[in-house]
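All remarks here apply to the structure that follows.
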Amino acid sequence: MNNSLNLLFICSRNQWRSPTGEEIWRKRPGFNSRSAGTSPDARKTVGPADIRWADYIFVMEKKHKNRLLAEFTRMMDHKPLFVLDIPDKYKFMDSELVDELDSKVSEILDREANN
């Protein structure tokens, strides 16, 4: 039985922010990670299979949350969804972005584990 948590990271075009989240958390024991984008021209566009797979969904901005709720309304009913408030100003694996994703996601997961 696999007890790993599935973390889905979402930004607009799946180029820098969400793939960085996926990269950081993929290397950690106890976690699986994926990334996708909300834009039709994303490297990988988020789909129903991604939503079903995820235990936790992390979006970079409120607009991503709104798009997910609009597109996957019923599927999102029982999915923990968190807005990280990370602006689109970083490149892939930028050290500031890595620190921000690491601390914000860790804090949320610790809080959820203690609920």
Side-chain angles (χ1 to χ4, degrees):
M1 179 75 189
N2 183 354
N3 288 333
S4 293
L5 281 179
N6 294 335
L7 310 181
L8 178 61
F9 294 91
I10 296 187
C11 64
S12 297
R13 296 189 36 238
N14 188 225
Q15 275 191 302
W16 295 321
R17 292 175 291 173
S18 60
T20 299
E22 176 182 11
E23 184 70 20
I24 297 168
W25 288 91
R26 184 167 16 108
K27 297 175 176 160
R28 306 213 173 152
F31 297 98
N32 300 308
S33 61
R34 283 186 190 173
S35 66
T38 56
S39 169
D41 65 349
R43 253 181 353 123
K44 179 192 183 310
T45 304
V46 64
D50 298 307
I51 305 294
R52 273 194 296 276
W53 173 85
D55 294 314
Y56 291 95
I57 300 172
F58 298 97
V59 297
M60 301 300 151
E61 299 172 59
K62 194 164 179 24
K63 68 180 181 184
H64 304 127
K65 173 184 178 174
N66 295 340
R67 287 200 188 130
L68 287 181
L69 293 175
E71 198 171 333
F72 304 104
T73 312
R74 290 222 311 284
M75 291 181 82
M76 295 301 297
D77 276 352
H78 304 290
K79 288 287 174 180
L81 174 64
F82 301 94
V83 179
L84 299 175
D85 285 319
I86 297 177
D88 190 6
K89 65 175 190 180
Y90 300 105
K91 297 283 189 227
F92 180 66
M93 294 305 284
D94 180 296
S95 62
E96 243 181 87
L97 174 60
V98 169
D99 290 347
E100 207 167 333
L101 280 162
D102 185 28
S103 68
K104 287 182 174 183
V105 173
S106 295
E107 189 180 306
I108 290 166
L109 292 173
D110 287 348
R111 197 172 55 228
E112 289 293 301
N114 293 320
N115 275 346

Give a yes or no on whether [X] and [Y] share a hydrophobic cluster (residues Ile, Leu, Val, Met, Phe, Trp, Tyr; joining criterion: side-chain heavy atoms under 4.5 Å apart).
| X | Y | answer |
| --- | --- | --- |
| V83 | L101 | no |
| W53 | L69 | yes |
| V59 | L8 | yes |
| F9 | L5 | yes |
| L81 | L109 | no |

Nearest heavy-atom neighbours spanning [X] and [Y]:
| X | Y | result |
| --- | --- | --- |
| F92 | T20 | CD1-OG1, 3.3 Å |
| P80 | Y56 | CB-CD2, 3.6 Å |
| P19 | R43 | CG-NH2, 3.3 Å |
| K63 | S12 | CE-OG, 3.6 Å |
| I10 | V46 | CD1-CG2, 3.7 Å |
| L97 | K91 | CD2-O, 3.7 Å |

query = Would you say E112 has more than 12 foreign heavy atoms packed within less than 6.0 Å of its CD?
reply =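 Atom CD in E112 is crowded, with more than 12 foreign heavy atoms closer than 6.0 Å.
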Separation of [Y] [atom2] from [X] [atom1] (nearest 0.5 Å):
| X | Y | atom1 | atom2 | answer |
| --- | --- | --- | --- | --- |
| F72 | I57 | CZ | CD1 | 9.0 Å |
| L84 | S103 | CG | OG | 9.5 Å |
| D110 | N115 | CG | CG | 11.0 Å |
| K65 | M76 | NZ | CE | 9.0 Å |
| M75 | D50 | CE | CG | 9.0 Å |
| S18 | I86 | OG | CD1 | 10.5 Å |

request  = Name the orientation class of the two ring planes belonging to F82 and F58 (parallel below 30°, tilted from 30 to 60°, perpendicular beyond 60°).
outcome  = parallel
ask   = Looking at side-chain heavy atoms only, is the closest gap between E100 and Y90 below 4.5 Å?
value = yes
task = State, with a plain yes or no, whether a side-chain heavy atom of R34 is found less than 4.5 Å away from one of N6.
result =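 No, side chains not in contact.
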key: SB check R26 E23 (cutoff 4.0 Å)   =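 So R26 pairs with E23 through a salt bridge.
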ask   = Is any side-chain N of the basic residue among E61 and R17 closer than 4.0 Å to the acidic one's carboxylate O?
value =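 Yes, E61 and R17 are salt-bridged.
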ask   = Can you check whether R52's main-chain N or O pairs, donor with acceptor, with K79's side chain at less than 3.5 Å?
value =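 Indeed, once roles are kept as given, a pair shorter than 3.5 Å links the two residues.
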message = Between S39 (side chain only) and T45 (backbone N and O only), is there a donor and an acceptor less than 3.5 Å apart?
response =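 Side chain of S39 to backbone of T45: no pair is present.
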request  = Starting from the C-alpha separation in whole Å, work towards a yes-or-no answer on side-chain contact (heavy atoms from CB on, under 4.5 Å) for D88 and R13.
outcome  = CA-CA 10 Å; D88 190 6; R13 296 189 36 238; over 6 Å; no
